Amino acid sequence: MAMKKLLNKPENLVQEMLEGFVLANPGKVALEGANLVVRVAPKSKDKVALVTLGGSGHEPALSGFVGEGMLDISVPGEIFAAPGPPRVVEALRAANRDAGVLFIVLNHAGDVMSANLAMGMAKKEGINVKQVLTHEDISGGPRSNPEERRGLAGALPVIKVAGAAAEQGRSLDECLAVAERMEANMATLALAVSGATHPSTGDVIADIPEGMMVVGMGQHGEAGGGTQPLKSADETAEIMLAALLDDLQAKAGDEFLVMLNGVGSTTLMELYLVLRRVGQLLEAKGMKMARTLVGEILTVQEMGGFQMCIGRLDDELKALWDAPCNSPALTVK
Amino acid sequence: MAMKKLLNKPENLVQEMLEGFVLANPGKVALEGANLVVRVAPKSKDKVALVTLGGSGHEPALSGFVGEGMLDISVPGEIFAAPGPPRVVEALRAANRDAGVLFIVLNHAGDVMSANLAMGMAKKEGINVKQVLTHEDISGGPRSNPEERRGLAGALPVIKVAGAAAEQGRSLDECLAVAERMEANMATLALAVSGATHPSTGDVIADIPEGMMVVGMGQHGEAGGGTQPLKSADETAEIMLAALLDDLQAKAGDEFLVMLNGVGSTTLMELYLVLRRVGQLLEAKGMKMARTLVGEILTVQEMGGFQMCIGRLDDELKALWDAPCNSPALTVK
Amino acid sequence: MTNAIGCTEMAAMLRGAAAEIRANHELLGKLDSVGGDGDHGTTMLRAMANLEKAVDAASGNDLKSLLYDVGWAILGVDGGATGPLLGMFFMGMSEAVEGCDTLDASALAAAFEAGVAGVRAQTKAQPGDKTMVDALVPAVMAAGCTAESGGDLLSVLRDAAAAAAAGAAATKDMQARFGRARNIKELSIGTPDAGATSVSFIFAGFLKGMDTNA
Amino acid sequence: MTNAIGCTEMAAMLRGAAAEIRANHELLGKLDSVGGDGDHGTTMLRAMANLEKAVDAASGNDLKSLLYDVGWAILGVDGGATGPLLGMFFMGMSEAVEGCDTLDASALAAAFEAGVAGVRAQTKAQPGDKTMVDALVPAVMAAGCTAESGGDLLSVLRDAAAAAAAGAAATKDMQARFGRARNIKELSIGTPDAGATSVSFIFAGFLKGMDTNA
Ligand SMILES: Nc1ncnc2c1ncn2[C@@H]1O[C@H](COP(=O)(O)OP(=O)(O)O)[C@@H](O)[C@H]1O
Ligand SMILES: Nc1ncnc2c1ncn2[C@@H]1O[C@H](COP(=O)(O)OP(=O)(O)O)[C@@H](O)[C@H]1O
Ligand SMILES: [Mg+2]
Ligand SMILES: [Mg+2]
Ligand SMILES: [Mg+2]
Ligand SMILES: [Mg+2]
């Protein structure tokens, strides 16, 4: 299939992309060692470091969130494929410090295996590392069965609050607690309205019938089950929000972060329509849309659709969400 | 045609979109009067105000750049259609101050007519307003024929440097001079690789044959002429950069801002490949990629492609480009 | 039919234009989508809705302010090129009818001429450039000739409508040099201009508004 | 054919596996694209390139470190699930050959068993869950039986390859409960599992590497 993409040789794709990425953000990020994405101005060594790993092809995630108040090191893998343990161990070594390392892992089999192998090796070397696993995709199964739930764009709120806590000098256990509280209070659901192509193979990575949408599709085009006729922005917002609130057993009075993550070709315009409706629906239920983030956070190439992620906030999480940060893809003053 | 978009009633599209937009950025922007997008924390009245106007459907442009160090008021029109003079006059009135108003207009017939009619009325009312017209699209014709050149994403650098100058308290004439110098040193070329649909009518707004790309296509799908087989990222970068450098009569030693504006479904990954090649090419010519900006700035719905905008920088423009700003779509610390 | 156009008659003409556009807006969108962005039909619908609102709201017997309000209301449409151009047509007419309670044939022709001047102050487009100017200019010339040679109001409107239609039809063979269609260069040849076609419907509507037999 | 596997023979087996995967990588990608993300073929190519590099670089006569280096090199592939699983297969084998200069039939079977244990430490997938475990487990069981009943090295490899192929084929009728294909649920039935098919090629390649007549 002829891809409608501007590419060079597939075998150089990730390498060239990373070179361009740091050129685009010269004051913020750099490549170090085995293509680890690091901060140009490192955090002081007495503060907890944040490390993550993940496949490429989802830009700006995850390396776009390396920076002040966010990640210290990201280990980008091949397209849609987790990096192998050797590079991950290298990252954990580079991040190593007395204050400890918080390791943020999105629940996908390859990522988890690679992360766990690397963690095991790092611990043997005496590195003080603790892991938080994100698995907020409610389409994977009930909350009681977290292993079946994938980690989607909800990694960002976890990175944000834990990154802010680390920047404030909190201990590894405190950072971990904050990350786990954010994680435990999040729920995400993905919607796809049009497919995409794999940038190395040219394969179609989601084949969505004309006039249909798929609720619950994974971020590599894994089928989701909920294929149904394409709905309006308002109706879509209603369907998705209801499922998320149900999963979180939300009650009147709850305050939420509402994050809408455009996965590729869906416009900001459409996301704003959805956000507007979410705000109305929450208000009608006596809940509050306390914080919002709308944009492309974790994309799936040119796929059409978005992920709706909501996270219940308490005062501490709100303050950490609001804390300043400075990364290629998110800057808060 | 069944659109793959999440929409409600077309007649409410812009209104609902604007409501969602301010909900997404509550600390930064608000709607005032006849849907003028204004700053939540207005600039002090002794500083020059920046006002712009433009059709909707290009989000985040232009209202996404309202904020500290950027625009004071944006007047969003209907989809791809300039707002009429009455709302523009209202914006100029709202911005009115002794320090004066800098009015940034992108060269599209409707925008220019509406802007000029509104300017005329505002001046009759004694409002001190001066205009800068952006027309950096080199596909329109030679530099000697500026009227034929459209204003594309290059509006952003103009807004950025003039906004920084205004925030520093410079006079209207100084802000205008900075804006005009940036404008005169910019050149933009657009590339389309896949089409889009008009969100109100569902019409195809650019019909690009399979396996082809169009150089010079306008941001509403206006045909560009340069239809040719789809090239690699490297070759595309070469073709486009050569045309831009030629237009600017660039010489060794020149320093440039390189801005790559994804227009919709083209990924950051692809833009990074292009940026990497641009950096190599400039270096080989003894020129410098002094500043970069890569992302979605002025989109064309889900169109595939990007605009390459380069701007020759001097020390003052560099400093203004680097100055802090805080808007929904661009924050510089 | 009366021999003088006062506010009531002008309101009927204006409503006639709105009705005619409404009946044909899909064609207008289609014509604009060839080289432009396809929004001309919906823009004209919004413009005509604003026109009707202004006509409804107009009180009293002041032709000048009726036309001014209509012009301003059309300017208030977020309509790209169409809002300013069409709005200024009515603003131009408004200025020309200063002091008139009613218009006879030559005053109407003169008002049209002032309307076209209002449009042409906004654009450098000349006849032959494939824009609404190609329908406006012949319409106004025809109105002027007919009035000068003693034609009555209805003849003025009939000849203006015929000339606008002919002018719009003639844009089919022209290459666009203004508006978005300019960008497709010679590919614009073969399709009539959307804005010129709108103008032909407006003049047809003026006539129908005054002469229900037309 | 020899009755003991030293470094030279192990290198031949490993290269045989790489050759077999290379000859079949397109099929692997296609199988993975049914329920997964279609990258399994290219991932296996990269894994085998790393394997060969490690084999080329290996010096001396240390079986344990040859297998360790191969395992580590495969872990170094950015390959989603495949890198860790396949890498740990060779890391597991490496631990089992500690102290051996050469392997006889039962030592080879034991090494395979340790390799599978290395894989199974990474995943909760059980036989029947439609993963590479469905090819690995029967292959290793077959190797163990053959060795126990006195079969020679070639019989061990032949029976292991046959069992891996049968195990991979049997995944066709299973529903995926691990890996990305899990998400398509019953739609995964009807296509063999990509990773299990890879394992069958690896064991076929081991055999071909040792027995050029195979
Ligand atoms: N610069 C111009 N001068 C004269 N007429 C113009 C100009 N630009 C556009 N037009 C007219 O307007 C019509 C298009 O109107 P419309 O589609 O509503 O506006 P837009 O081009 O802004 O989308 C064209 O068919 C043409 O007749
Ligand atoms: N959790 C798992 N447990 C066991 N095997 C797995 C698991 N996940 C994937 N596999 C195996 O890996 C194969 C897919 O490998 P590959 O496509 O390279 O990795 P990825 O799924 O990360 O893209 C599957 O066919 C399956 O055999
Ligand atoms: Mg995009
Ligand atoms: Mg987009
Ligand atoms: Mg148009
Ligand atoms: Mg795969």
Side-chain angles (χ1 to χ4, degrees), chain A residues 2-8 13 16-21 23-26 56-57 59-60 64 68 191 193-194 199 208 210-211 213 230-234 236 260 264-277 279 289 292-296 299 301-302 304 306 324 326 331-333, chain B residues 2-9 13 16-21 23-26 56-57 59-60 64 68 191 193-194 199 208 210-211 213 230-234 236 260 264-277 279 289 292-294 296 299 301-302 304 306 324 326 331-333:
Chain A
M3 274 189 281
K4 302 197 164 191
K5 297 196 189 200
L6 298 158
L7 297 168
N8 298 314
L13 176 53
E16 292 182 356
M17 189 264 290
L18 290 173
E19 290 173 20
F21 167 62
L23 272 175
N25 300 284
S56 295
E59 291 64 36
E68 181 203 328
L191 177 87
V193 300
S194 62
I208 297 169
E210 188 68 32
M213 65 185 200
L230 183 63
K231 304 271 190 310
S232 72
D234 280 358
T236 304
L260 301 181
S265 58
T266 290
T267 56
L268 276 175
M269 166 178 270
E270 293 160 82
L271 299 181
Y272 291 143
L273 297 188
V274 172
L275 186 76
R276 172 182 169 276
R277 187 69 188 134
M289 186 157 77
T292 53
L293 185 65
V294 177
E296 293 185 354
T299 64
Q301 297 293 309
E302 77 278 24
F306 70 97
N326 197 9
T331 300
V332 174
K333 279 221 174 190
Chain B
M3 274 190 281
K4 303 198 164 190
K5 297 196 189 200
L6 298 157
L7 297 168
N8 298 315
K9 290 208 186 118
L13 176 54
E16 292 183 354
M17 190 264 290
L18 290 172
E19 290 172 20
F21 167 62
L23 272 175
N25 300 283
S56 295
E59 290 65 35
E68 181 203 327
L191 177 86
V193 300
S194 63
I208 297 169
E210 188 68 33
M213 65 185 199
L230 183 62
K231 304 272 190 308
S232 73
D234 280 359
T236 304
L260 301 181
S265 58
T266 290
T267 56
L268 276 175
M269 166 177 271
E270 293 160 82
L271 299 180
Y272 291 144
L273 297 187
V274 171
L275 186 76
R276 172 181 169 277
R277 186 70 188 134
M289 187 157 76
T292 53
L293 185 65
V294 176
E296 293 186 353
T299 63
Q301 297 293 309
E302 76 277 26
F306 70 97
N326 198 8
T331 299
V332 174
K333 280 222 174 189

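Proteins get letters first, then strands, A, B, ... in listed order; numbering begins at 1 in each. Given the structure is predicted, the values throughout are model-derived calculations rather than measurements.
Between Leu275(A) atom CG and Leu23(B) atom CG the span is 5.5 Å, to the nearest 0.5 Å. Atom CG of Leu7(B) sits about 15.0 Å away from atom NZ of Lys231(A), to the nearest 0.5 Å.
Contact annotation: the side chain of Glu302(B) never approaches that of Thr266(A) to less than 4.5 Å [non-hydrogen atoms, C-beta and beyond]. Between Asn25(A) and Tyr272(B), some side-chain heavy-atom pair lies under the 4.5 Å cut-off. Two residues are said to be in side-chain contact when any heavy atoms from C-beta on lie closer than 4.5 Å; Met269(A) and Thr299(B) fail this criterion. Counting heavy atoms from C-beta outward, Met213(A) and Lys4(B) have side chains that stay 4.5 Å or more apart. Under the 4.5 Å side-chain criterion, counting only non-hydrogen atoms from C-beta, Met17(A) is not in contact with Arg276(B).
For chain B, the nearby parts of Pro60(A) are the backbone and the side chain; heavy atoms of each come within less than 4.5 Å. For a residue to count as touching a neighbouring chain, one of its non-hydrogen atoms must lie under 4.5 Å from one of that chain's; by this rule Pro26(A) touches chain B with the side chain only. Proximity to chain A is limited to the side chain of Val294(B), based on heavy atoms less than 4.5 angstrom apart. Contacts between Pro324(B) and chain A at a heavy-atom distance below 4.5 Å involve backbone atoms as well as side-chain atoms.
Here the side chain of Lys333(B) pairs a donor or acceptor atom with the backbone of Val332(A) at under 3.5 angstrom.
When each of Asp234(B), Thr331(B), Thr236(B), Asn8(B) is checked for heavy-atom pairs under 4.5 Å with chain A, Asn8(B) comes out on top. With respect to chain A, the highest number of heavy-atom pairs below 4.5 Å among Asn326(B), Leu18(B), Leu260(B) belongs to Asn326(B). Contact tally against chain A (heavy-atom pairs below 4.5 Å) for Arg277(B), Glu19(B), Lys9(B): the top residue is Glu19(B).
Tested against Leu6(A), the residues Thr267(B), Leu273(B), Leu271(B), Leu230(B) include a single side-chain contact (heavy atoms from CB on, under 4.5 Å) partner, Leu230(B).
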